[in-house]
Amino acid sequence: MDCSGMDAGFSSLRSEAAGAMRTVLVSAENLQLTLKPELSQEEQSLTHTNSSPKDSHKAGNEDLKEMLESNKESLKLEAMKRIVGLIAKGKSASELFPAVVKNVASKNIELKKLVYVYLVRYAEKQQDLALLSISTFQRALKDPNQFIRASALRVLSSIRVPIIVPIMMLAIKEAAADLSPYVRKTSAHAIQKLYSLDPDQKEQLIEVIEKLLKDKSTLVAGSVVMAFEEVCPDRIDLIHKNYRKLCNLLVDVEEWGQVVIISMLTRYARTQFTSPWTEGAEFDENKAFYDSDSEEKKDQTEAKPYIMDPDHRLLLRNTKPLLQSRNTAVVMAVAQLYWHLAPKHEVSIVTKSLVRLLRSHREVQYIVLQNIATMSIQRKGMFEPFIKSFYVRSTDATHIKTLKLEILTNLANEANISTILREFQTYVKSQDKAFAAATIQAIGRCATNISEVTDTCLNGLVLLLSNRDETVVAESIVVIKKLLQTQPTQHGDIIKHMAKLFDNVTVPMARASILWLMGEYCEKVPKIAPDVLRKMAKTFTAEEDIVKLQTVNLAAKLYLTNSKQTKLLTQYILNLGKYDQNYDIRDRTRFIRQLIVPNEKSGALSKYARRILLAPKPAPGLESAFKDRDRYQLGTLSHSLNLKATGYQELPDWPAVAPDQSVRNVEIVEPLRESAPIVGKTKQPKSDKFYSDDEDEKEEEGSDSSGSGSEDSSSSSEESGSESEEESSEDSEKTSSDSGKSSSGSEKSSSESESDQKKKKKTKKAPQKKSKPAGDSDSDENGNGPVGQASSSSSESSSDSESDSESDSPAPKKKTEEKAKPKVAVNSKKEVSLLDLDDFSPAPTNAPKPSVLSQSLLSDLEGLSLSNISSTVQVTTSSFGPLKTYELLHHMTGKGLSAKYHFPRQPCLYQPSMVAVQVILTNSSDHALEEIHIGDQSPASLNIHCFNTIERLEPGASVTVSMGIDFSDSTQAANFQLCTKEDQFSVSIQPAVGELLMASTMTEQDFCKEQGKLQGMNEASATITMATANASRQAINKQVLSVANVGEVPSSQNNFSRFAGQTVSSRALVLVSLELSESSGALLTINTEKSVMASMLLQDLKQAFAQA
Amino acid sequence: MIHSLFVINHLGDIFLEKHWKSVISRSVCDYFFEAREKAVDPENVPPVLQTPHHYLISIYRGKLFFLSVIQTEVPPLFVIEFLHRVADTFQDYFGECSESVISDNVVIVYELLEEMLDNGFPLATESNVLKEMIRPPNILRSVVNTLTGGSNVGETLPQGQLSNIPWRRAGVKYTNNEAYFDVTEEIDAIVDKSGTTVSAEIQGVIEACVKLSGMPDLTMSFMNPRLLDDVSFHPCVRFRRWESERVLSFIPPDGNFTLMTYHISSQNLVAIPVYVKQSISFFEAGSCGRLDITIGPKQTMGKTVEDLKVTVHMPKAVLNANLTASQGNYTYDFTTKLLVWDIGKLNPQKLPNLRGSLSMQTGVPNPEENPSLNIDLKIQQLAISGLKVSRLDMYGEMYKPFKGVKYVTKAGKFQVRT
């Protein structure tokens, strides 16, 4: 890669350096030659061993032995290198074993490594001698350096000598408990090796696997799951407790491990969760898929609406980002996971990524296309928009072309068939004749599948009969033949047409095929067939052999059906055939004559002549070759080969009833932290584990200071974003526990335990709380008293109602939290749990029942949360003014319907990037309004989550509904139509810039840090004058909060007020600071990446302060 | 998983074998040779083959077959991806991936393979990690090594493998800190006879060459990130920040790497930089043909089209070509039937033209399909999709790095049907 910035001087310098290097090299080569002439000779002899006789090879080995036994390291190394060269070429070097094995304890790392290579290769053959080396490894296993321990275990376990099995077992057990995750990883690998060497060790090995599965290191996860798959894939029970951890770690596991884990989890999920494939009209096309299965479940789903297990959802959500992996195997693994596990309407998110893989290497294309071919049979819709990506290029390899053709055929439907056929026309002319033939087959399939184009296809195929290429013609005939057989009504016309063409067709194969068709359907064309036979009789002698044979056939068939007209002709042709040069034709003629012309010699056979010759022939099938491939799991070797490979694990069917889901719960060490929802945790635990791991590492290996140091810095910088978030939540907890002390006893205990925990956190175990994806079920279920619900915020309790397994919000804690830092605490929680809601939101579309339910619940809860906020506002930020309400639709223009909206300043329920808007609809007309809903939206890109249609609004009644609008951090108005049954009104919501923010908390320190990062372009400031009445802190808070949804940052300086927020959609920090100066003036500063927002917000704030 | 690896040259000689479990006789390759023979073209060998006891998964790279032997069920892409990674590593270490280079460096190759797989399961595939363990050959070092008896195996042990960022080695130091990014876009298109675009898509890749000391944390933002809806990243890129903010935030590996690839599919409008006017015809009488190709600029956004090249795979019957090119040179190889017209820079004032006659084999029926034209081109300083890097920020280190971004548009699989 050459770079633009490189100036000429630099490159010239480079070339100079290269030149100098070259001269050095030349002189060095000379040096080498003069230093070791004998060596180069040997090298020569070695390189010639290929062609030279065996004795020189032997001599070479003798030589190597000498070198190995010398004292010089360099000679030994040279010898080992040459031995490795021999091994690489597949030549035997086993007789050197004794000489090599002596060097196993060498100090030279490279020499040692090469000896290891040799040892692993030949130990099996020389078991006794190999044992000599074992003690070295045993010693190395105790080495203080983790890499040496690991490599010793690697080699020890790779030596396939049954006698050392006990030693290996011991070593593995020890390594599995090693402090270094790298060594533990190696031990996971060793498990598989030992298992293949001695399957009797299975039980003991499973114990080790069980232990390693609990490991929290991302390094170990992939390898141990691999071992699990190899040793005990049926022990699903070992996974339960580790399921959530694996899901959460997945993103950070190395790519190869990801593939293995994903395929294991696919199997796991199939045994533990119920099918998400609810019967719905919109998925009609998939009914064929697992038909019996879904049938079975039908009753059940109708009885009880399907609710996805949160763990099931967790898996789907955590694998989704991996679709962006650079590793094609990972992408494919996720694709198959979605295919086999996700609700039908979610599967299509994998499409784009799969299509992207088509740009990869030829081999990757091959596999991906195979899988797409299988998928496209069942789900045309998934790939139809990408149909052009499957167009064939002349440079594609033949098997790629055929697969693309297969997919195009699968995707063909009434709408796109014309484009596809046009493509096919180009392919038919391809120089690759095998491909052209396949195209004709494909046209045939399209013709049978889509009745509209059958005629066009047939006509096109008939035209192809005049093609010069035999394969094309033969294929066309075959396809036409098939088409005719499947569509008996249309025979006449086409056969007539073919008879007309007959004179022009020159290719013997085509002529023969037409003759066959004439004979087969001679009854449909009673007038033409004898005429064709007549023509044939004239040219019989000049025809090719295969045409002659078919002529004889035709004659025989006609003789049987229409002997009056053709008797003479037949006899004539049979006579010609009798004296033909070709013995095949003579034989055939003789046979036919005996069969059809009754005479005294012919036996019973002639009676059956008609049944023999005119037997109905079964129509050949025109099905996809990938039709039955779906019995194999996608992405597997078995699927690729279309046959069951050794070790293939059948993907189990969904269980009818889900097994107990509590088995996946992990016991909790600190029982009072269960307040956070199970799924809500998903975001953080991952990063936390990272931390805790690192820290463990650090504690364990103080010696590796450089390594861990860099780790540390990296991890902290990497996670800086989430870190600040965490801190803020911690912060809020602090205040919450303080204020909580004054409340009831139970509260006290909870807050105390919290502060206990805080102490723990200070000892660098901060993330602990989150590393438990816990939330145990029992406390969840009963901890949900009415008080708790009332005080818990809307979205949380609605998440309860929707995903009813995770109803957990112990009352007291929430209350205190909200008292202290109401919005923020809610925010930081919500941000996470909202994700779930987002994921759950499609569910209602599936099953109408819960949607109704949740809707009503939702509005109930909205009321609650509103009152909630105002009350909390009074407690802390009593200065918070009333919500501004804006007019959306006046009742005059709205023909009685009026609408007002306000921003509740709550995280949106539907998507975290949306701004929540509450709309109050009032009917001030004298008749009921029906079907109030949202119609067209503009700009189209605007993402609006509409409220559900209001069926009926009585006169005088009003209803509050909530919507979510993703403004993408711009103040551009959202225009949409508010529709009733009769009318449509265009309305628009223009958000004030302050409403596009979410409050967030941070410490003063963080605030200053962040502010430091956002200087220059990202800063907007202005000096404002303030009325003295406004100068109090309370007043300032009030003013700022009325303009923007920001959170106050506790400040140590009196003349400073600081507020922090984030933009809703892109989560960019917005920092507002106000410095009061002596003379009633103040410096207002806003720091944010969004400079436009900054200036607008500045304007708004200025105005607010000026007004008051 | 992967049991054994055989590397086979185009003549069918196995010149390297490596076994990670017990030894498998190389006779297993016979099944492969059989398929190889049947396929005629090496490109056409099916990547997955079945033998009575084993499964063979192979890739074809640089005229070499990398053939792996598998004994049990494994995702085939897993193996294919790994084999390509092996080939990439060789390329990275030796500059090319060919038989001679592998044979010359057989010891390093063996050491690499040993580190890359353990018991058939990939262990270290990250180039930065491997380079810490096994140093790539380099002229100066090989001189020093022969003189001093030093070795290629790193004395230090790889710390990278243990960290959260296995892709970056620790303790990197440069005197000149620089970060260069190449945004390369390739246009894949099929244009039909009449000049209308049948399909067109853009494959983009951002290659980086980052030589920065310490642990830099880079953030790259784009002017128009909305263009990118289908992307794949190097593992170093923080996906969540991409999702929320549409910026690339990453701690880069040291040296060259592919930061991201993206795909802009045919739904979006793709600008086609050149148009081609062509007529190729074969005459029944006199067994000859005529060829006339003109190329002109279409949507080049005001940039010059360079390195323009037209490749035509002629039908078998074409014996020779007698053509005149108004610009550039043409060659016709009658054994491979490949007509290559190397044009160079496209001058919009004087459009390059190639015309003349083709001589055909007598007695052979005329080809019914005209050969399609494959176009190669290059446009500097332009990303045809309109993608632009707006800024690159570095956190975590104090020094000021030198930054550069370069844009190139190339023709990928650009085909004109005739």
Side-chain angles (χ1 to χ4, degrees), chain A residues 1 3-5 21 25 28 32 74 81 84-85 88 90 109-110 113 117 147 154 182 189 192-193 226 256 259 321 324 326-329 332 352 356 359 361 363-364 366-367 388 391 393-394 397-399 429 468 635-637 640-641 645-648 690 707 710-711 713-715 717 1066-1067, chain B residues 16-17 26 43-44 46-48 50 59 72-78 80-81 84 106-107 110 114 118-119 121-122 139 143 146 149 151 153 157 159 162-165 170 180 182 190 199 203 207 209 215 217 230-233 239 244-245 251 263 266 365 368-369 372 396 402 404 406 413 415:
Chain A
M1 161 172 159
C3 300
S4 60
M21 211 109 87
L25 170 76
Q32 186 192 3
S74 59
K81 282 187 175 174
V84 167
I109 293 186
E110 184 168 25
K113 276 196 175 173
V117 169
F147 288 101
R154 242 184 97 183
Y182 186 64
H189 286 260
Q192 305 162 49
K193 299 183 210 169
M226 187 64 224
W256 310 107
V259 179
Q324 255 66 43
R326 63 166 172 176
N327 189 316
T328 57
M332 190 65 231
K352 228 188 262 173
R356 185 185 66 232
R359 236 322 263 241
H361 299 285
E363 298 82 7
V364 175
Y366 176 71
I367 304 291
K388 285 186 174 174
Y391 282 4
R393 290 160 205 281
S394 58
T398 308
H399 53 255
K429 285 186 259 164
R468 252 183 318 245
T636 59
L637 184 62
S640 181
L641 290 166
T646 338
Y648 174 73
F690 242 165
S710 65
E711 271 164 46
S713 70
S714 75
S715 64
S717 59
S1066 64
R1067 304 279 136 114
Chain B
L16 184 89
E17 63 177 73
R26 53 167 68 189
E43 300 261 309
N44 285 344
V48 183
Q50 195 209 357
I59 64 160
T72 53
E73 171 66 50
V74 63
L77 269 187
F78 185 96
I80 289 169
E81 176 79 26
H84 277 294
V106 73
V107 175
Y110 234 67
E114 187 72 25
D118 182 15
N119 195 38
F121 189 77
I139 303 165
V143 172
T146 38
S151 75
V153 174
L157 293 154
Q159 306 296 335
L162 294 177
S163 78
N164 292 329
I165 37 171
Y180 297 115
D182 279 8
I190 303 177
S199 80
Q203 304 289 340
E207 307 260 13
C209 173
M215 274 291 164
D217 193 341
D230 185 24
V231 285
S232 75
F233 298 120
F239 186 68
S244 60
E245 295 165 55
I251 295 174
H263 175 228
S266 36
E368 56 210 288
E369 190 204 27
S372 50
F402 190 72
K406 196 173 83 174
K413 298 171 181 168
Q415 204 162 77

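Proteins come first, then strands; the chains are lettered A, B, ... in the order of their sequence lines, and each starts at number 1.
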Peer 1: Which heavy atom of B/Phe78 sits nearest to which heavy atom of B/Phe121, and what is that distance?
Peer 2: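 Minimum heavy-atom contact is CZ-CE1, 4.0 Å.
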
Peer 1: Could you tell me which non-hydrogen atom of A/Val364 sits nearest to which non-hydrogen atom of B/Ile80, and how far apart they are?
Peer 2: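 Result for this residue pair: CG2-CG2, 3.7 Å.
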
Peer 1: Is chain A contacted by the side chain of B/Phe233, its backbone, both, or neither, given a heavy-atom distance below 4.5 Å?
Peer 2: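 The answer is both parts of B/Phe233.
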
Peer 1: With chain A as the partner, which of B/Val74, B/Asn119, B/Asp230 has the greatest number of non-hydrogen pairs under 4.5 Å?
Peer 2: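 Most heavy-atom pairs under 4.5 Å with chain A: B/Asp230.
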
Peer 1: Given that the side chain runs from C-beta out, which part of B/Ile59 has a heavy atom under 4.5 Å from chain A: side chain, backbone, both or neither?
Peer 2: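 Contact with chain A involves both backbone and side-chain atoms of B/Ile59.
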
Peer 1: Counting only non-hydrogen atoms closer than 4.5 Å, does A/Tyr366 touch chain B with its backbone (N, CA, C, O), its side chain (CB onward), both, or neither?
Peer 2: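 Side chain of A/Tyr366 only, per the 4.5 Å heavy-atom cut-off to chain B.
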
Peer 1: For the residue pair A/His361 and B/His84, categorise the inter-ring angle as parallel (less than 30°), tilted (30 to 60°) or perpendicular (more than 60°).
Peer 2: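 Answer is parallel, since the angle falls under 30°.
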
Peer 1: Using non-hydrogen atoms only, which part of B/Phe239 is less than 4.5 Å away from chain A: side chain, backbone, both, or neither?
Peer 2: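 B/Phe239 touches chain A through side-chain heavy atoms alone.
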
Peer 1: Looking only at non-hydrogen atoms, find the nearest pair between B/Val106 and A/Gly85 and report the distance.
Peer 2: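 Smallest heavy-atom distance, with atoms named: CG1-CA, 3.9 Å.
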
Peer 1: Drop me the distance from B/Ser199's OG to B/Gln415's CD, to the nearest 0.5 angstrom.
Peer 2: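 Between atom OG of B/Ser199 and atom CD of B/Gln415 there are 9.5 Å.
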
Peer 1: Of the listed residues (A/Gly647, A/Ala397, A/Ser394), which shares the most heavy-atom pairs with chain B below a 4.5 Å separation?
Peer 2: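 Winner by heavy-atom pair count: A/Ser394.
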
Peer 1: To the nearest 0.5 Å, how far apart are CD in A/Glu363 and NE2 in A/His399?
Peer 2: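 A/Glu363 CD to A/His399 NE2: 7.5 Å, rounded to 0.5 Å.
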
Peer 1: Could you tell me which portion of B/Gln203 (side chain, backbone, both or neither) has an atom closer than 4.5 angstrom to a non-hydrogen atom of chain A?
Peer 2: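 B/Gln203 touches chain A through side-chain heavy atoms alone.
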
Peer 1: Between the side chains of B/Arg26 and B/Glu17, is the shortest nitrogen-to-carboxylate-oxygen separation below 4.0 Å, so that they form an ion pair?
Peer 2: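 Salt bridge flag = yes for B/Arg26 with B/Glu17.
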
Peer 1: What part of A/Ser640 gets closer than 4.5 Å to chain B, counting heavy atoms only: side chain, backbone, both or neither?
Peer 2: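 Only the side chain of A/Ser640 comes within 4.5 Å of chain B.
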
Peer 1: I need the residue from A/Val259, A/Thr328, A/Val117, A/Thr398 with the largest number of non-hydrogen atom pairs under 4.5 Å to chain B.
Peer 2: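 The residue among A/Val259, A/Thr328, A/Val117, A/Thr398 with the greatest pair count is A/Thr328.
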
